[in-house]
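For reference, the structure discussed in these notes is given below.
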Amino acid sequence: MCPVRGRAVEPGVRVRTWRIGDGDWLPPGRALPAGAAGVALRKTGKPAQVKAAPAQRRTPAKKAAGKARAPRTPQRPPRRPRTPRFVRRLKRTWDRPLTAYYVLLGTGLLLALLGLVMVFSASQIQALRWGLPATYYFHKQLLAAVGGAVLLVIAMRMPLRLLRALTYPFLVVTVGLLVLVQVPGIGVEVNGNTNWLDVAGGFRLQPSEFAKLALVLWGADLLARKGDRGLLGQMRHLLIPLVPGALLIYGLVMLGGDMGTVIIPTVILFALLWLAGAPTRLFTGVLVTAAGLAALFMAAAPHRMDRLACVGATEPGDGDRCWQAVHGIYALASGGWFGSGLGASVEKWGELPEPHTDFIFAITGEELGLAGTLSVLALFAALGYAGIRVAGRTEDPFVRYAAGGVTAWIMTQVVINIGAVLGLLPIAGVPLPLFSYGGSALLSTMFAVGLLIAFARSDPAAGAALAMRKPGLIGKSMRRRAKKAPSGER
């Protein structure tokens, strides 16, 4: 029923012209819709078949107000709160084509430079204990950083077609070096793991660090070529030969006893399969299998079980088996907000093992405090986010797979290393990328960061922006890259 000036109109009754409360007008001769509600005002004519409604007394004031009432207009939706200006400006800046390029270049160089400073501070006492010059480890890391900078520039300037052509030779050379490590008399054992080769000048090469890069490039090229042929929808083409090749690398690294390094290629494999669109049931099966194998390998080695038992430990325990984990927490706790000062660490004086490699983040927290550790974490977060942006915005499958694999590699290694220092994860012997002492790790990681930078400027919008810049050492390569089409199949 629809009340009309004290009367009620039955649904279906034809009226002449009535105005309903929601602002719509009924044309002459149109039936009042069933279920109509709201106040209706008589416009012209007389209603047909009108039933009397309960009488309502209306005062003259109410009658005058009803006559003078203006037609109702629909209400506007509530206005959304305005975003602060600095947030809008930050969003516009981040959406610019060259933002990822500058973030990758800046964070990569800053982390490498800050790592050099911390290696110099953390390694002096260790070098003196071994009867070496105080700057011994720093000089070796500095040479590796210079070589890494050269590799970074080469990766930035390398055409994608040439890079894809070198993936298979690089994989073969890396596998050959991994085999050579296991030859008695050639491989070098350090802390119970045989993963190094002696090179001229006292430099030791760790092929397992380059195996990560080889797996990323080979897997990305393999999946991109199969994707171009429409074969990734078939499970056998998705898994073969990618999974057998990854298992070969795992086996060769595990022969040297380095289980911590095997975790990183495993994550790279998962990232490549996920980017290629592998079904969820595949990941479930692979994760269950990997967890079972990890438990088997850990149970077979007592020192690995000791490391697992030290997660969250606050005391060294029986036989000081949790000594390293506990003293890493002590170093972070004694740093406070701004640290004890650069070079003023106490834990590096023989209390904390491996202060310049696996536990350099603990020394950073002790000397630079919470402010220093948060700055390092912010740099790694920016590097990872820029890598994800590069992988998400490209239309080239090879670039997407390679950028995603490199980002997963670096960020997983950061989580494992810092998690072990904080006592949240077992100590895996994984260095902090671009930061810890280790020439092989620094060389391979800086080359990988150079690839991310090259991928960032392969975007058409970034190429157009770079083409307008003044030419230089990097600018010339940018212009040349901007004129080229995305990489094709080998």
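Positions are given from 1, in the same order as the sequence printed here.
- Considering only residues two or more places apart in sequence or on other chains, Leu162 meets the side chain to side chain contact (heavy atoms under 4.5 Å, CB included) condition with Met158, Pro159, Leu166.
- Annotation: side chain of Val390 is in contact with side chain of Leu104 (closest heavy-atom distance under 4.5 Å).
- Contact annotation: the side chain of Ile263 never approaches that of Val430 to less than 4.5 Å [non-hydrogen atoms, C-beta and beyond].
- Screening residues 409-423 for side-chain hydrogen bond (donor to acceptor under 3.5 Å, both in side chains), with sequence neighbours left out, gives Lys212-Gln413, Trp409-Gln413.
- A heavy-atom distance below 4.5 Å is found between the side chains of Pro397 and Tyr401.
- Qualifying side chain to side chain contact (heavy atoms under 4.5 Å, CB included) partners for Leu98, counting only residues two or more places apart in sequence or in other chains: Tyr102, Ala462, Ala465, Leu466, Arg469.
- Annotation: side chain of Leu151 is not in contact with side chain of Met446 (no heavy-atom distance under 4.5 Å).
- Crowding of Phe338 atom CZ: a count of heavy atoms from other residues, nucleotides or ligands under 6.0 Å not exceeding 12.
- Here Trp196 pairs with nothing under the ring-ring contact (aromatic ring centres under 6.0 Å, His included) rule; sequence neighbours left out.
- The shortest non-hydrogen separation linking Arg307 to Gly429 is NH1-N, 4.4 Å.
- Here His237 pairs with nothing under the ring-ring contact (aromatic ring centres under 6.0 Å, His included) rule; sequence neighbours left out.
- Using a 4.0 Å cut-off between a side-chain N of Lys or Arg and a carboxylate O of Asp or Glu, Lys348 and Glu366 do not qualify as a salt bridge.
- Atom CG of residue Leu269 and atom CD1 of residue Ile264 lie 13.0 Å apart, to the nearest 0.5 angstrom.
- Inter-residue side-chain proximity for Phe270 and Leu287 is flagged as met; some heavy-atom pair is nearer than 4.5 Å.
- Between Arg389 and Val103, every side-chain heavy-atom pair lies at or beyond the 4.5 Å cut-off.
- With sequence neighbours excluded, the residues forming a ring-ring contact (aromatic ring centres under 6.0 Å, His included) with Tyr137 are His356, Tyr437, listed by chain and number.
- Residues Trp323 and Glu351 have side chains in contact (heavy-atom distance under 4.5 Å, counting atoms from C-beta outward).
- Here the side chains of Phe170 and Leu213 are in contact, with some heavy-atom distance below 4.5 Å.
- Leu443 contributes atom CG, which lies 5.0 Å from atom CZ of Phe210 (distance to the nearest 0.5 angstrom).
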